[in-house]
A.B. asks: 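Below you'll find the structure I mean.
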2 protein chains.
Amino acid sequence: MSTDKLGLLKKFFKKNRRLPSYSEMLKIFGFSSKNAVFKLINKWVEANLLTKNDGKLAPTSHFFALPLLGTIKAGYPILAEENRNYLTLDDYLIEDPTSAFLLKVSGDSLTGVGIFEGDIVVIEKKKQATIGDIVLAQIDHEWTLKIFRKNRSSRISYLQAANPKYPDFYPKASLEIFGVVKAVVRKFN
Amino acid sequence: MSTDKLGLLKKFFKKNRRLPSYSEMLKIFGFSSKNAVFKLINKWVEANLLTKNDGKLAPTSHFFALPLLGTIKAGYPILAEENRNYLTLDDYLIEDPTSAFLLKVSGDSLTGVGIFEGDIVVIEKKKQATIGDIVLAQIDHEWTLKIFRKNRSSRISYLQAANPKYPDFYPKASLEIFGVVKAVVRKFN
DNA sequence: CTTGACAGTGAACAAATGTTTACTATAATG
DNA sequence: CATTATAGTAAACATTTGTTCACTGTCAAG
C-alpha cells in the first residue's frame, strides 16, 4: 500500500471540499520541497486525476467518481477495465441542482413503479408535467406523490397510484403540480 | 430572480470542480472591483454557503446539498423550512468510496425488492455477506446479482431471486461473494 | 564501473492571490 | 429634508501562489 499520497489528497478534499495548495501539500505529504509536490501533481495530471485550467488545479471527474461496470448478462463476466465509465451519483441523478430537492417517501401507493416507503426521490420543481410522470402535487389541497394522467376522452387530469389497491384520484376542486420525480434512491440497511 | 450570482458560482463549480478566484469572479459576476466580490463572498460565508479555512475559500456542504423535505403523510403539507436537512446523494449512499463501485442492472430477477433493469446499484467490495443481503456473486463461475441465503437445516449457502418465476440457485461447485449491494438508484426518462 | 532515470532538496521569482482603505452613487427610512 | 445603510469603483499591498533551475543521492540496467 505504501504511504498512499493520493489517498491523503482525497481525504483532504473530502474533508475540506477543495484541493490543498502546494504549500499545504508539503505538510500533508511530508515533503520539504515544493518541487517534489510539483512533480507529483504533474504525474496525477498526466493520469487524468487532476487538471489545470488557467493554472488552477482542480480534480477531474475520475478523482471522485466511482467506476461504473457494465451489466451482467447472465453468466458473462463484468466488462473489462478498458471500457469503464466513471460516475458521480449527484451528477448522474441531478440535472439542475437549483430547482431540485429531495423528499422522503411514505406510503405504498407507488410500489408498482418500484418506489417504496423510506425511499428518497429527487424532485425537480416545475408546474407542468408530461402524462405518465410521477408528480408531487396538491390535489384538493392535499399533498401527494402519484402518477400524472389524463382521461382519454374527457381530457381531465387526474392522479393514479401505482398500486392496484388504490383507486384513481380525480380532483374535486383543484389539482396543482409542484414538481416531477426525476430519480429514486434507496439505501439498504 | 435578479441575475442570480450564486447560481453562476454553482455553475462554475459544477463545470470546473473548484471555486473561481476573485479575479475570475470579476468576470463571472460582471463586477469591475474585486472589493465587490469580496463583500459578496463574505455574505455567502455568513450564510454558511462557503467557508474560509487558512484564508482559502471552500464550499460548505450546504453549497451542493439539496434540501431533504420530510415525508408526506397523506394530506399534511411538507415540513416547514426550519427543520430541513441537507443531503448530498454521494455522501448519503456511498460510505466508503475506495471500496465501492457501481453496476448497471440487467434482468428481472430482483424486481421483488424493487430493483429493475437499468437501475444502478452501489456495491461495496467484500467477501462476506449477511443472510438477506443482495450480493454480487459468482455461482459456478457465473456472475449474478441475487439475495444471499442459507438453508436452515443444511446450512448450505445459496442464492435466491426476488422474483417468483426463478428457482433458488444452489451452487453445484462454487459460490463466491464479491460484494454487497448497499443502495439502488433509478433515473426516470 | 558507468550511465541514466528517479525522487527529492533548496532557493529564487514573476504573477496572482485575498484583503484593506478611501471614495461615490443610489435607494430607503424617518 | 437629512441620514444611514447598501452596492459598487479604484487603487495599493503584503503574502502566497505555481513554476523553474541547479543540484544531490539512490537504485537498476547494461
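Side chains included, hydrogens not; waters and symmetry mates left out as well; all remaining heavy atoms used. We name chains A, B, ... by the order of the sequence lines, and we start the count at 1 in each one.
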A.B. asks: Within the 4.5 Å heavy-atom criterion, are A:S21 and B:K56 side-chain neighbours or not?
C.D. replies: yes
A.B. asks: Is the distance from OP1 or OP2 of C:dT17 to the nearest side-chain N or O of B:S21 less than 4.0 Å?
C.D. replies: yes
A.B. asks: Please work out whether the ring planes of A:F29 and A:F31 are parallel, tilted or perpendicular, with thresholds of 30° and 60°.
C.D. replies: perpendicular
A.B. asks: Could you tell me the separation between the CG atom of A:L19 and the P atom of D:dT16, rounded to a whole number of Å?
C.D. replies: 20 Å
A.B. asks: Given atom CG of A:D54 and atom C1' of C:dA15, what is their separation to the nearest angstrom?
C.D. replies: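 Taking atom C1' of C:dA15 as the reference, CG of A:D54 is at 14 Å.
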A.B. asks: Counting only side-chain nitrogens and oxygens, does A:Y22 get under 4.0 Å of the OP1 or OP2 atom of D:dT16?
C.D. replies: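 Answer is no, no contact under 4.0 Å.
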A.B. asks: Just by protein heavy atoms under 4.0 Å, how would nucleotides 4-13 of chain C read 5' to 3' in B, S and -?
C.D. replies: ---SBBB---
A.B. asks: I need the CG-P distance between A:N42 and D:dG18, as an integer number of Å.
C.D. replies: 12 Å
A.B. asks: Within 45° of the six-membered ring axis of A:F63 and under 6.0 Å from that ring's centre, is NZ or CZ of A:K10 located there?
C.D. replies: yes
A.B. asks: Any side-chain N or O of B:K56 less than 4.0 Å from the OP1 or OP2 oxygen of D:dT17?
C.D. replies: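 Indeed, a polar side-chain atom of B:K56 lies that close.
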A.B. asks: Does the cation-pi check pass for B:K127 over B:F178, that is, NZ or CZ under 6.0 Å from the six-membered ring centre and within 45° of its axis?
C.D. replies: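 Cation-pi check for B:K127 and B:F178: passes.
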A.B. asks: Whole Å only: how far is the CZ atom of B:R18 from the P atom of C:dA16?
C.D. replies: 14 Å
A.B. asks: Find the distance B:L50:CG to C:dG18:P and express it as a whole number of Å.
C.D. replies: 12 Å
A.B. asks: Test your reading of the model: is there a side-chain donor-acceptor pair from A:T60 to the backbone of A:L49, 3.5 Å cut-off?
C.D. replies: yes
A.B. asks: Take atom CE of A:M25 and atom C1' of D:dT16, then tell me their distance rounded to the nearest Å.
C.D. replies: 14 Å
A.B. asks: What is the distance, rounded to the nearest whole Å, between atom CZ of B:F38 and atom C1' of D:dT6?
C.D. replies: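 Spelled out: CZ on B:F38 to C1' on D:dT6 is 16 Å.
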A.B. asks: With side chains defined as the heavy atoms from C-beta onward, is the minimum distance between A:N189 and B:T130 less than 4.5 Å?
C.D. replies: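 No - every pair of side-chain heavy atoms lies 4.5 Å or more apart.
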A.B. asks: Find the distance B:N53:CG to C:dG18:P and express it as a whole number of Å.
C.D. replies: 13 Å
A.B. asks: Name all residues meeting the side-chain hydrogen bond (donor to acceptor under 3.5 Å, both in side chains) criterion together with B:S157; count only those two or more places apart in sequence or in a different chain, and write none if there are none.
C.D. replies: none
